Structure formats: structure tokens, C-alpha cells
2 protein chains.
Amino acid sequence: MTFTPAEVLRDRGIAATAQRLAVLRAVANSPHITAEGVVAFAQADIGAISRQAVYDALGVLVNKGLIRRIQPVGSPALYEDRVADNHHHVICRICGVVADVDCAVGSTPCLRAADDMGYEIDEAEVAYWGRCPTCQAEGRTTTVLDTPSSRRQNQRRTRPEELHPTHTAKPEEISRAI
Amino acid sequence: MTFTPAEVLRDRGIAATAQRLAVLRAVANSPHITAEGVVAFAQADIGAISRQAVYDALGVLVNKGLIRRIQPVGSPALYEDRVADNHHHVICRICGVVADVDCAVGSTPCLRAADDMGYEIDEAEVAYWGRCPTCQAEGRTTTVLDTPSSRRQNQRRTRPEELHPTHTAKPEEISRAI
DNA sequence: CGTCGAATCTTGACTGAGTCAAGATTTTGA
DNA sequence: TCAAAATCTTGACTCAGTCAAGATTCGACG
């Protein structure tokens with residue numbers, strides 16, 4: 001028996017508000033979406049929704065384990081709804097696209113430190129960094145991401161999908177990591 | 001033959017300014033130091049130094065491979081001068097202290113993704129999360145870090161050394177990760 | 001069904017950790 | 001010694017959040 005998203009929320013003990021359902025749809029629509037991306041999607045989806053309500057909903061949904069929050073270095077926070085496993089991510093240093101990578105172990109912590117120095121470790125967070133197949137094919141070797149220094153003259157952010165316009169809608173698409 | 005820090009900078013093709021040498025001393029003094037911590041140390045060390053000069057020096061020193069920049073999720077950037085190996089870090093979820101962990105492999109990337117999806121991976125970034133020995137001994141289970149929500153009524157940041165005042169100056173001390 | 005308290009939303013302000021940029025100063029090389 | 005480049009100082013600005021007061025909605029209870 002499949003629960004509706006509203007039922008899932010109530011089952012976790014939180015109200016099934018229109019804003020939260022819109023946020024869930026945004027995250028389902030775009031794995032590794034930014035908070036700002038969720039705001040844009042939800043505003044198009046249900047009309048008026050405040051940024052604060054989006055941040056609140058994201059926080060609650062993460063807290064209840066319904067979505068996951070990651071944050072590669074140099075990136076705003078990203079959200080995904082793949083929460084049933086302990087997977088990792090690979091990030092392209094050039095265009096910033098983020099993809100899921102299965103964890104070879106499956107449960108946390110999936111790695112043991114050689115010497116844990118007395119720490120009680122409950123999670124090994126792994127991020128793989130490199131170049132995606134498209135940036136390799138195009139021979140790109142330096143980032144063209146919208147780092148602050150590249151934003152002179154009010155150039156706006158370059159998104160991975162701008163670099164790769166022929167990209168089909170892969171599941172790992174449309175996040176902005178760096 | 002040991003080079004002086006100034007000689008090392010010149011050898012890397014950059015000017016050995018007083019500001020950069022002060023920044024190097026700050027990072028040597030406090031592994032996993034924040035930029036703000038570097039500013040405070042350098043100001044005490046050499047008198048007047050601007051925040052911008054510290055950020056500039058940190059950027060150049062990272063770029064030249066003389067120091068390393070890490071950034072655990074939820075933390076400002078941290079700087080360390082242990083650059084000769086590919087080590088990882090363990091972060092206490094309660095007090096935020098960061099410690100170095102040797103990499104079992106030693107070279108990058110030290111892990112292979114089970115399925116790299118065509119990515120050309122050059123680094124596996126690993127962070128271990130858990131509780132430090134001191135927070136375990138004190139039975140702490142929830143963070144008392146200065147998260148924004150805990151900053152009501154203008155309470156200032158709790159630093160790991162405030163939680164553990166009897167800490168001797170361990171090498172992994174005085175950084176603030178979360 | 002009405003009421004009330006809690007939860008949530010809206011709106012606008014604020015913060016931390018950076019970055020930007022103009023002008024001044026210092027460094028370096030010819 | 002000089003000039004160009006590098007670097008520093010100073011003050012402003014940005015981004016990605018968070019804060020908080022008041023309004024609105026929701027849910028439980030009688």
C-alpha cells in the first residue's frame with residue numbers, strides 16, 4: 001500500500017501543508033536542488049510561498065528523514081529525496097554537476113578510520129571530485145563556474161545545463177555544487 | 001638544508017611579505033584555524049593587518065600548496081599546514097573539534113567509487129563524523145555549538161576549548177567546525 | 001461548531017563569512 | 001632610480017542563510 005506524500009508527513013507527526021508538499025515535489029523533480037531552486041519551483045507550482053517557509057519546510061523534512069541535505073565545499077546546500085540508502089556523491093570540478101554514487105558498503109559508517117583516536121564515529125561522509133564525462137569530452141580543464149572572481153561585470157551564474165545544453169534530463173542533473 | 005619560510009615563499013615565486021609570514025605562523029600555531037582566527041593571531045603577532053590581506057594570503061598559500069583548506073559542512077573554512085600527505089578528518093558533532101586521521105592509502109584518490117559513471121575522479125574527500133573522547137566521557141549527546149538558533153539573547157559562540165577547559169594543547173585543537 | 005493554543009506562514013530585517021574594488025603602499029626587476 | 005606589478009588598506013557589498021514580530025491556519029477539545 002502506497003502512502004500519499006500527505007499521509008507520509010502526517011505519519012511522521014507533522015502537518016501536511018501545501019508549502020511542504022510543494023517543497024517535496026521540488027526536491028523530487030530535481031535531485032541535488034538548491035534552496036533557491038526549491039523556492040523558484042514552489043512559487044511556479046503553488047503561486048505564493050515565502051522563502052522562509054521553504055527554509056522551514058526543508059529543515060523539517062530533513063529533520064524527519066524525508067529528504068537529505070548535502071553540501072559540497074564551495075556550494076550552497078543541496079537537497080535530495082534519495083534517503084533509503086547511504087550513497088555518496090561525485091562532483092565535477094569544472095561544471096559543478098553532482099551525481100549519486102552507490103556506497104560499496106551500504107550502511108554507516110561505511111569506512112573505518114585507520115586510527116579513530118577514541119572517537120565514536122557514526123558516519124563516513126565521502127565526496128568524489130573530478131571531471132564529468134561531458135567536460136572530459138569537451139576538453140575542459142578549468143572551472144567556468146560562477147565563482148565570485150568570475151562575477152565581474154555582473155555576469156550571472158553559469159549552471160551546468162548552460163555548459164551542456166544538449167544534456168538530456170539525467171537524474172543527476174540541475175544542481176549547482178560549486 | 002632547511003629553508004626559512006621566506007625562502008619557501010620566494011621559491012614558490014611569491015613575495016615574502018610580513019603579512020604572509022604572519023599567516024603562516026598563525027596556521028602553524030593552530031591546526032584547523034578559521035580565517036577569523038588567523039586575523040586575530042596575525043593582528044596580535046604583527047600589529048596592523050587587514051582582513052583582506054589575510055584572505056588574500058590564505059588564498060595564495062593554498063594555491064601554492066603551502067597550506068590546505070578544508071570545510072566541514074556547517075563550518076567556515078579551516079586551514080592547516082599539514083600538506084605532505086593525503087589525510088582525512090574526524091569532526092565531533094557535539095563540540096565541533098576537528099582531528100586529523102591518517103589515510104590508509106596515502107595517495108589520491110584513496111577510494112574508488114563502485115561505479116564512477118564515466119567521471120575522471122582525482123580525489124576522494126572523506127570526513128568522519130561522531131563524538132570526541134571528551135564529549136563521550138562527559139556523556140554529551142546533543143550539540144552545544146553556537147548554531148544560529150542557539151544565539152538568541154546574543155550568546156556568543158561556544159568553542160570546543162570552552163567545553164573542555166582542561167584540554168591540553170592537542171594538535172587537533174582550537175578549530176571550530178560546526 | 002466554536003474556541004483556543006500551537007504550528008506555520010509572511011514579511012522585512014539581519015548575520016556571518018566571505019568577496020569586490022579604488023586608491024595607497026610596497027616590492028621587484030631593469 | 002624608476003616604473004610596473006604585486007600587495008595592502010579601507011570600506012562597501014554579496015550570498016545563503018537566519019531571526020523575529022505579527023498574521024494566518026490547523027488541529028484538538030469541549
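In what follows, chains are A, B, ... by sequence order, proteins preceding strands, each numbered from 1. In this text, all values refer to a predicted model and were calculated from it rather than measured experimentally.
- Mapped onto DNA chain C by nearest heavy atom, I14(A) and A35(B) fall at different nucleotides, with I14(A) at the one closer to the 5' end.
- The distance from atom CZ of R20(B) to atom P of dT9(D) is 12 Å, rounded to the nearest whole Å.
- Phosphate proximity of dG29(C) to R10(B): absent, as no side-chain N or O sits under 4.0 Å from OP1 or OP2.
- A salt bridge links R93(A) with D122(B): the distance from a Lys NZ or Arg NE/NH1/NH2 to an Asp or Glu carboxylate oxygen falls below 4.0 Å.
- Base engagement by R51(B) is indicated by at least one non-hydrogen atom pair under 4.0 Å involving a base atom.
- Note that CG of L78(B) and CD of Q71(B) are 7.5 Å apart. Values are rounded to the nearest 0.5 Å.
- Shortest non-hydrogen contact noted between V54(B) and A35(B) is CG1-O, 4.1 Å.
- Put simply, T17(B) has a side-chain N or O that comes within less than 4.0 Å of OP1 or OP2 on dC8(D).
- Looking at D100(B) and H88(B), their side chains never bring a donor and an acceptor atom within 3.5 Å of each other.
- In this structure, the nucleotide among dT9(D), dT7(D), dA13(C) sitting nearest to the side chain of I49(B) is dT9(D).
- Rounded to an integer number of Å, the gap from L21(B) CG to dC8(D) C1' is 15 Å.
- Taking only side-chain atoms of Q19(A), from C-beta outward, the nucleotide of dG17(D), dG18(C), dC9(C) with the closest atom is dC9(C).
- Distance CD (E36(B)) to P (dG18(C)): 9 Å, rounded to an integer number of Å.
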With side-chain contact (heavy atoms from CB on, under 4.5 Å) as the test, would you mind laying out the steps for Q136(B) and E138(B) before giving the verdict?
CA-CA 5 Å; Q136(B) 289 174 63; E138(B) 290 172 17; over 6 Å; no

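- Rounded to whole Å, atom P of dT28(C) lies 14 Å from atom CG of D11(B).
- Within residues 53-68 of chain B, the residues approached by DNA chain D to less than 4.0 Å at the level of any non-hydrogen atom are A53(B), in residue-number order.
- Taking hydrophobic clusters as Ile, Leu, Val, Met, Phe, Trp and Tyr residues chained together by side-chain heavy-atom distances below 4.5 Å, V83(A) does not share a cluster with V38(A).
- A search for salt bridge (Lys or Arg N to Asp or Glu O under 4.0 Å) contacts involving E80(A) returns R68(A), not counting sequence neighbours.
- Rounded to an integer number of Å, the gap from CD of Q71(A) to P of dG16(C) is 17 Å.
- Note on Q52(B): every side-chain N or O is 4.0 Å or more away from OP1 and OP2 of dA12(D).
- Considering only side-chain atoms of S50(A), the nucleotide from dT8(C), dA17(C), dT11(C) that sits closest is dT11(C).
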